[in-house]
Amino acid sequence: MEYNFRETEKKWQRHWKEEKTYRVYVDHDKPKYYVLDMFPYPSGAGLHVGHPLGYIASDIYSRYKRQKGFNVLHPMGYDAYGLPAEQYAIQTGQHPAITTEKNIQRYREQLDRIGFSFDWDREVRTCDPPYYKWTQWTFIQLFNHYFDHKTGKAEPVSKLEDTFARSGNLDVDAACSPIDYFTAVQWMKMDEKEKRHVLMHYRLAYLADTYVNWCPKLGTVLANDEVKEGFSVRGGHPVEQKKMKQWFLRITAYAERLLGGLDDVDWSDSLKEIQRNWIGRSEGATIFFPVKGSEEDRIEVFTTRPDTVYGATFMVLAPEHELVDKITAGEYRTEVEAYKKAAGSKSERERMTEVKTVSGQFTGGYAVHPFTGQDIPVYIADYVLAGYGTGAIMAVPGHDSRDHAFARHFDLPIIEVVEGGNVEEGAHDDMEGTMVNSGFMDGMDVPAAIRSVNRKLEDKEIGKKKVNYRLRDAIFSRQRYWGEPFPVYYKDETPYVLPESELPLELPPVDKYLPTSEGDPPLARAKNWETSDGWPLETNTMPGFAGSSAYYIRYMDPRNDNRLVSREAVEYWENVDLYVGGAEHATGHLIYARFWNKFLFDIGITVKEEPFKKLVNQGMIQGRSNFVYREKGRNRFVSLNLKDQYDTMPIHVDVNIVENDVLDVEAFKKWNPEYKDAEFILEDGKYICGWEVEKMSKSFHNVVNPDDLIEKYGADTLRLYEMFLGPIEQAKPWDTKGIEGVFRFIRKLWRLYHDQQNRFAVAEEPATEKEKKVLHKTIKKVSEDVERFSFNTAVSAFMVCVNELTDLKCNKREILEPLSVMVSSFAPHIGEELWNLLGHEDSVALADYPSWDEEMVKDDMVLYPVSFNGKTRFKMELPAGSSKEEVEKQVLGAEDAQKWLQGNTPKKVIVVPGKIVNIVI
RNA sequence: GCGGAUGUGGCGUAAUUGGUAGCCGCGCCAGACUUAGGAUCUGGUGCCGAGAGGCGUGGGGGUUCGAGUCCCUCCAUCCGCACCA
């Protein structure tokens, strides 16, 4: 008889559920610790072996912290809105809520089988009305706030209205869309509609008409992080630019704080760097170039190199720039229109592939150089982006490679203004060099020139120093059904938000999940989709990141119907101490959630500026695919090492019918009817498969399902093996065959506590020094490893410990009891069972984590490696306390040493006590 | 092109501060028990070499008594961004 994992695991899972072992409450007597997993989107495919990796790591850490005396918040829920359920609804007519519910059930079953210590009473689902009530509520707050640069935070729009009534918007320094100045008198004269139109330029959630990423196949717009290389991240459909009226979140207002906050969080450098790049801060200046022949029109450019302004020999506007039509001279109108049309019809994808080709069109118009007074020609070209900076540049061909290429192509003048390169050959974009041909800047170095020109710009009121960001405001509308409805209605086309008392605004039923024939979103199909006064409601829905931006706050107080979170809960739990999830959310969720949290911080809901103190990115688990080699044109398969003798092609074969790279031939014949009569050319009577590491995917037939492994080896084994695979942050291939090793470990562990007849047999007599040493070394190693998230080495330490205790035939309670506590965070079922067998009534989850005695960890003897000129030649055991001199004497006196010295006198002897001896001859 | 990360046995990996390279596990080899083994247990296993010994952490160079670890350089792979002014 062996350890019966099937029965034991089921028993404890039931027990934990019934006893609510992992339920937590605010407890001011204990320090809090908040461990969070990125909640999953419950897809129809269920979990594969890669999904729980992060959950297992965070669960181990949670259990460890609990035993260390912390009150641990460790919740789980579902990111339940999303495209797959809706696509399925479109195909089948089944309501996405039904699909989602079914998938959640499946996920829950799979999760439960792995033995996590989640407090399921705190589960949230983003598609639940009581949950999305607070998503909608936050949207209303965003709508009713603006970002004031003077206070550096969000302020109520009502405060802005007071200011406008007092002094117009001249003195307002706020994050806003481009808007003209107006006075208090002008403001007072506006009617409500006009006022609301003005305020829309300031709100943190605002409606605007701009070019958006439109994905025709999905029938919706997408945010920048949802588009990659011109294709939608979900589904891989082409994306094009389209002008549409959409809701936006003014995340750019928080750019500086989002950047600064990165210094305060414990995240990986690479992840912080990705966020810094995404925010893309650059320092420079805006400069106004008057349009020739116009009194009021000026072209505003942004440049990071205002020092090179004297080198500006032409200007380029984005084809979409608003001044293009005004500037274009009559005789160029046809060409300009043609260019604009061509640029506009290009997909994002086409634009990207044409990066290296120079194209553009002269407008026939000129601007006046603000320093030299010379006329410079104005072009349009699609290498200038409408969405970045001001959508216009001063082109400095001498010192910018794109401008240089453009100047060459159109034969425009190139002026050198910074010495040190050959501007005829190519752009000299170095910051090193002396200014020339630059009027008042001549002779200065670049940094001095920048300071000098910035001062001049401000004095002459023709520009100023400016910080620009690559980050754009986030598009917040989706032309989709399965998402949160906006708490917004329209009165004569002017948007208003619903009163809080009407939340949640529930998602209405529709007859079909498709756009209407007029092209309106699916919600336009809903009957009576209007307020009680008959005003039409917004028909867009919110994007996926809406519901996932504050779920970690809601977990603190998930059933509160009066507030997003109670004061007491948020003041106790504060923010997430450890967040575990994939790096793919670096530019999406992790930026939005930080923004969302900062806003909630500004309005007094959250108490910490940053939501996630420490973040660990688990590496992807890759698949290990197996291949068979089919002879071309025949139904015959050649074993790996013979395949080169035939003309073959590799075919993916299901890894579940391959063991240790040997194909189960009979299973293969049944696997696919096509191979029913297949023939095989074997080696040593076996068919050997080839293998390769690829993404884990159905199409590669390399998906391994955790349920199958749990059935065969148990959840504890699965948990240990996932951790044993390698460092948590590293990507690594899954190879099931190695699981046998940890399975053996579990049984070996069990046998320490049992006799040969599988009877529980733990002795009460005191442990020997040797046994205690083994235990204390393990406590130290495992504790330190868990603290630094090195779970693979911790598992290895457990193996070493069990191997050594087995050799010592140790069955003492003094040793085995603390061991069961430590093991229980990794393998909770067997840990709980052993703890229970040891006579404890309470769960091992609440046992005290053992501590180690530093004295016990020290060894009495040290095995010194003795090397000559750095090469280890022999080893010598000496007492741990020996002095340097003593070690040297002992070593040099040894027979082995004489052999290697060969009569030479050592030039130098280096002794590092406790470590090494090196003899230089 | 820019930024980041990673290269160690047949495979996954270990070596926390510059101090025995290869712990632990898989696989493989040999043996024990067995009617049998895809069970279990024991021993071995970086490479070359009969051995003494030599060589070994992607390649080359450097610092050091000593380098997987630090510095320079090149190469490969992965990830992110990419006409961002």
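Per chain, numbering begins at 1; letters A, B, ... match sequence-line order.
Judged purely by atom type and a 3.5 angstrom limit, A:Thr286 has no side-chain atom pairing as donor or acceptor with the backbone of A:Phe302. Formation of a donor-acceptor pair under 3.5 Å by the A:Arg470 side chain with backbone atoms of A:Asn277 is found in this model. Listed for the A:Arg719 side chain is a donor-acceptor partner under 3.5 Å among the backbone atoms of A:Phe826. Proximity of a side-chain donor or acceptor of A:Asn626 to a complementary backbone N or O of A:Gly690 within less than 3.5 Å is detected.
Summarising the geometry, the separation between CD1 on A:Ile274 and P on B:G80 is reported as 8 Å, rounded to the nearest angstrom. Look at CG on A:Leu878: it is 16 Å from P on B:U20, rounded to the nearest Å. A:Phe868 has its CZ atom 15 Å from the P atom of B:G66, to the nearest Å. As rounded to whole Å, 14 Å separates atom C1' of B:G80 from atom CE of A:Met620. Distance, A:Arg402 CZ to B:A82 C1': 11 Å, rounded to whole Å. Distance, A:Lys884 NZ to B:C65 P: 14 Å, rounded to whole Å. Rounded to whole Å, atom P of B:U64 lies 15 Å from atom CG of A:Asn918. Across the protein-nucleic acid pair, A:Asp859 atom CG and B:U20 atom P stand 15 Å apart, rounded to whole Å.
In a base pair of the Watson-Crick type (N1 to N3 plus N6-O4 or O6-N4) or a G-U wobble (N1-O2 and O6-N3), with each distance short of 3.5 Å, B:G51 is matched with no nucleotide. Base pairing annotation: B:U34 forms no Watson-Crick or G-U wobble pair, as no partner gives both donor-acceptor distances under 3.5 Å. In this structure, B:G27 forms a base pair with B:U45, meeting either the Watson-Crick or the G-U wobble geometry with both donor-acceptor distances under 3.5 Å. Under the Watson-Crick or G-U wobble criterion, with both distances below 3.5 Å, B:G80 is paired with B:C2. Of all nucleotides present, none satisfies the Watson-Crick or G-U wobble test against B:U8 with each distance under 3.5 Å. Look at B:G19: its Watson-Crick or wobble partner, with both distances under 3.5 angstrom, is B:C65.
Across B:C48 and B:U42, the matching C1' atoms stand 29 Å from one another, rounded to whole Å. Between B:C29 and B:A39, the distance separating the two P atoms is 13 Å to the nearest Å. Between the C1' atoms of B:U40 and B:A36, the separation comes to 14 Å (whole Å). Only the P atoms considered, B:U6 is 15 Å distant from B:U16, to the nearest whole Å. Spacing between B:C81 and B:A15 at atom C1', rounded to whole Å, works out to 35 Å.
Contact annotation: A:Asn660 side-chain N/O to B:C28 OP1/OP2 distance is under 4.0 Å. Phosphate proximity of B:A21 to A:Thr872: present, with a side-chain N or O under 4.0 Å from OP1 or OP2. Residue A:Arg470 has no polar side-chain atom (N or O) positioned under 4.0 Å from OP1 or OP2 of B:G3. The phosphate of B:C81 has neither OP1 nor OP2 within less than 4.0 Å of any side-chain N or O from A:Arg276.
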N/O-N/O pairs, protein side and nucleotides 4-12 of chain B side, under 3.5 Å:
from, atom 1, to, atom 2, distance (Å)
B:G12, O2', A:Leu725, O, 2.4

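Within the nucleic acid shown, A:Arg472 comes within 4.0 Å of at least one base atom, counting heavy atoms only. A:Asn803 comes within 4.0 angstrom of sugar-phosphate atoms only, judged by non-hydrogen atoms across all strands, and of no base.
In this structure, of B:U20, B:C83, B:C65, it is B:U20 that holds the atom nearest to the side chain of A:Ile916. With B:A85, B:G25, B:C84 as the choices, the nucleotide that has an atom nearest any side-chain atom of A:Arg744 turns out to be B:G25. Out of B:A85, B:U40, B:C65, the shortest distance to the side chain of A:Arg747 is found at B:U40. When distances run from any side-chain atom of A:Val920 to the nucleotides B:G19, B:U20, B:C65, the shortest one goes to B:C65.
Residue A:Lys908 is the one, among A:Ala392 and A:Lys908, whose nearest nucleotide of RNA chain B lies closer to the 5' end (criterion: closest heavy atom). Of the two residues contacting RNA chain B, namely A:Glu784 and A:Ser282, the nearest-nucleotide position lying further toward the 5' end is that of A:Glu784.
Relative orientation of the A:Phe789 and A:Phe791 rings is perpendicular, given thresholds of 30° and 60° on the angle between their planes. Under the 30°/60° scheme for interplanar angles, the aromatic rings of A:His369 and A:Tyr310 are found to be tilted.
Under the 90° criterion around 0 for the glycosidic angle, B:G9 counts as syn.
A:Tyr592 does not carry A:Arg594 over the face of its six-membered ring by the limits of under 6.0 Å from the centre and within 45° of the normal. Both the sub-6.0 Å distance and the 45° axial angle are satisfied by A:Arg298 relative to the ring of A:Phe288.
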Decide yes or no on salt bridge (charged side-chain N to carboxylate O under 4.0 Å, His left out) for A:Lys466 and A:Glu283, but give the supporting numbers first.
CA-CA 6 Å; A:Lys466 197 184 170 192; A:Glu283 272 180 46; over 6 Å; no
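In A:Lys272, the NZ atom is crowded: over 12 heavy atoms of neighbouring residues, nucleotides or ligands sit closer than 6.0 Å.
Residues of residues 792-801 of chain A having a heavy atom closer than 4.0 Å to RNA chain B, listed by number: A:Asn792, A:Thr793, A:Ser796, A:Met799, A:Val800.
No side-chain N or O of A:Asn617 forms a donor-acceptor pair with one of A:Glu729 less than 3.5 Å apart.
Close placement of the A:Tyr721 and A:Trp734 rings is indicated, their centers lying within 6.0 Å of each other.
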